[in-house]
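Notes to accompany the following structure.
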Amino acid sequence: MCGIIGIIGKREVAPLLLEGLRRLEYRGYDSAGVATLVGKGIERRRAEGRLDNLAERLEREPLSGKTGIGHTRWATHGRPTERNAHPHATDKVAIVHNGIIENFHELRDELVAKGIRFETDTDTEAVAHLLTVSLNDGATPEQAMADAMDRLRGAFSLAVVFAGQPDLMIGARRGSPLAVGYGDGEMYIGTDALALASLTRRITYLEEDDWVVLSPQGVRIFNQRQPVERPVKETALSGALIGKGNYPHFMLKEICEQPAVIGDTLQSFLNPLTRQVQLPKLPFDFATVPKITIVACGTAYLAGLVAKYWFESVARLPVEVDIASEFRYRAAPMPDGGVTIAISQSGETIDTLAALQYAKSQGQICLAIVNVLESVIARESHAVLQTLAGPEIGVASTKAFTTQLTVLAVLAIAAARARGKLTAEREAQLCAALIATPAKVTEIISQEDAIERVANAVVKARDVLFLGRGSSYPIALEGALKLKEISYIHAEGYAAGEMKHGPIALIDENVPVVVMAPLDEVFDKTASNVEQVEARGGKLVLFSNASGIKRLGGRAVASMALPETDPFTAPILYAIPAQLLAYRVAVMKGTDVDKPRNLAKAVTVE
Ligand code: M6R
């Protein structure tokens, strides 16, 4: 959500800002803009909608200047119009902002009482005026920012340029990420290392409440008005790593990367020779943990739901999984010695962060499973396990999900061993099943014809039901989520056994019912539910293995046979056709697969 880039450069910055914004597109946005310092003034170009609109605008009305800031905006306060697009400016400053200024009404009233006229509906404009009032009162830019940090409430990251001061830029962050990049006689600021990937690999990640003064010579960082030192890190990201390659969409590229990234993730957590899990040292002992609480949002929450089945059945360890935005406000009592696991691809999701902070305040030991190691959720946790998915650009989460499942699977095995619930033989079997996963995922991805048939059975539907039992239930939910987010078809996931308690009323010949039915201990129960669907003329779409399809697929309008697997790893494998189905349907419908409407990749507001 919202992306920031800023450059103090030696070159014309408008094209560089635009390129940086393209690298931030994946976060989700609905308008964009840039501002540069020109002579003693500030000039801006802004546009509604896609970055191409901004690029056209810049072509018609080029922008000169070697210092500037850019922004992709995901509207929170005020419609996504050009007027509300960032940067917001006064005669003294231009500012870009990610997050929400929670006390902006109060600030606005105060500023209006001083005779200031607001031009936009945004919360951000209040910050531009707040800084301007300080500057007009004689404050230096640094003092103005330090004072503003005391006044602002909420979560934000900011970048500000000052009219007539091309060698100065100030950034600040609270609860929202911001990184500084070091160039050769140039300095950069950006939401994340991806935004800066084509400019530099030398990055400093700012800490909570840091604000930073950039000049072409370097940076000074402050926290609570005191100078602080932050390390410079070399990031592995390069511009090339985050391209689409020969794929038409990032989502397809990321689906196809899954055999490799699941393999990489497994390699860092288990020994293929001994077939044993090998985790880094964790700050708790599973043998004595009374309960695990998992908090996450969206697809990451569904990974947590699968993990509940694993931890409870294999390790006999009670697990509570909650949607972070619900958990954070319900004042849940938490047991002494309990462990909280926060799962997040981005490591930025504001609700997951807040849920984690609540758990910490209740004395829980917090473990983060994140894809972005430098993220705020990782840094707020006592321990971190990284999913080695690499940058995920498509808004629909795919490889992040299956690598989250991979980490959670090894964690459940480790817990089971520590609690004496697993023989060495069974551990070796489970590890072998995991090690076999990448090859099986490749096999599934190559079944293009089957996916095409399944997609044809769904593409014209208005509503689709997804059913699954046991650990396939979260995969049914994930299948429905994927389909609705990128194809805009209404889809719901249900526990197969729950269908007859309500959703069965929806079934007719127009509603495809997609059933996830691996050959596991509840297969026969799922089979009964399939019969109930067929008895009502439902349009069955079946994912199972060959024998499951032989048994149930006779009347299916489409089916796909998945490789045989130990039921333990079935959720990882069955996630793949759910992703491919959603992808194919979205392509058939011609939607914007990588940037579906209204969605953002990292949800940094409540
Ligand atoms: O970055 P996170 O994993 O914390 O993001 C959580 C959700 O916003 C995310 O999984 C979302 O549901 C995806 N768009 C699903 O494809």
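Read the numbers this way: they start at 1 and go in the same order the structure lists the ligands and their atoms.
Residue-ligand proximity, S346 to ligand 1, at heavy-atom distances under 4.0 Å covers atoms 1 (O), 2 (P), 4 (O). Taking every non-hydrogen atom of A300 and a distance limit under 4.0 Å, the qualifying atoms of ligand 1 come out as 3 (O), 10 (O). Ligand 1 places these atoms under 4.0 Å from at least one heavy atom of K482: 15 (C), 16 (O). Taking a cut-off of under 4.0 Å to the non-hydrogen atoms of A396, the atoms of ligand 1 that pass are 16 (O). If you number the atoms of ligand 1 from 1 as listed, the ones under 4.0 Å from a heavy atom of Q345 come out as 1 (O), 2 (P), 3 (O), 4 (O).
Of the protein's non-hydrogen atoms, T299 N, 4.0 Å is the one closest to atom 9 (C) of ligand 1. From the protein, the heavy atom lying nearest to atom 5 (O) of ligand 1 is T349 OG1, 3.5 Å.
Ring-centre distance between Y583 and H249: below the 6.0 Å cut-off. Two rings, from Y494 and F466, have their centers 6.0 Å or more apart.
Between F568 and W310, the ring planes are tilted. Angles from 30° to 60° get that label.
Looking at R597 and D592, no side-chain N of the basic residue comes within less than 4.0 Å of a carboxylate O on the acidic one, giving no salt bridge.
Heavy atoms from other residues, nucleotides or ligands lying under 6.0 Å from CZ of R462 number 12 at most. Around NZ of K233, the count of heavy atoms belonging to other residues, nucleotides or ligands within 6.0 Å does not exceed 12.
A heavy-atom separation below 4.0 Å is found between V395 and ligand 1. Judged by the shortest distance from any of its heavy atoms, C297 lies inside the 4.0 Å radius around the atoms of ligand 1.
Among V314, V277, T569, the one residue that satisfies the side chain to side chain contact (heavy atoms under 4.5 Å, CB included) test with L430 is V314.
At under 3.5 Å, not a single nitrogen or oxygen of K601, backbone or side chain, sits near a nitrogen or oxygen of ligand 1.
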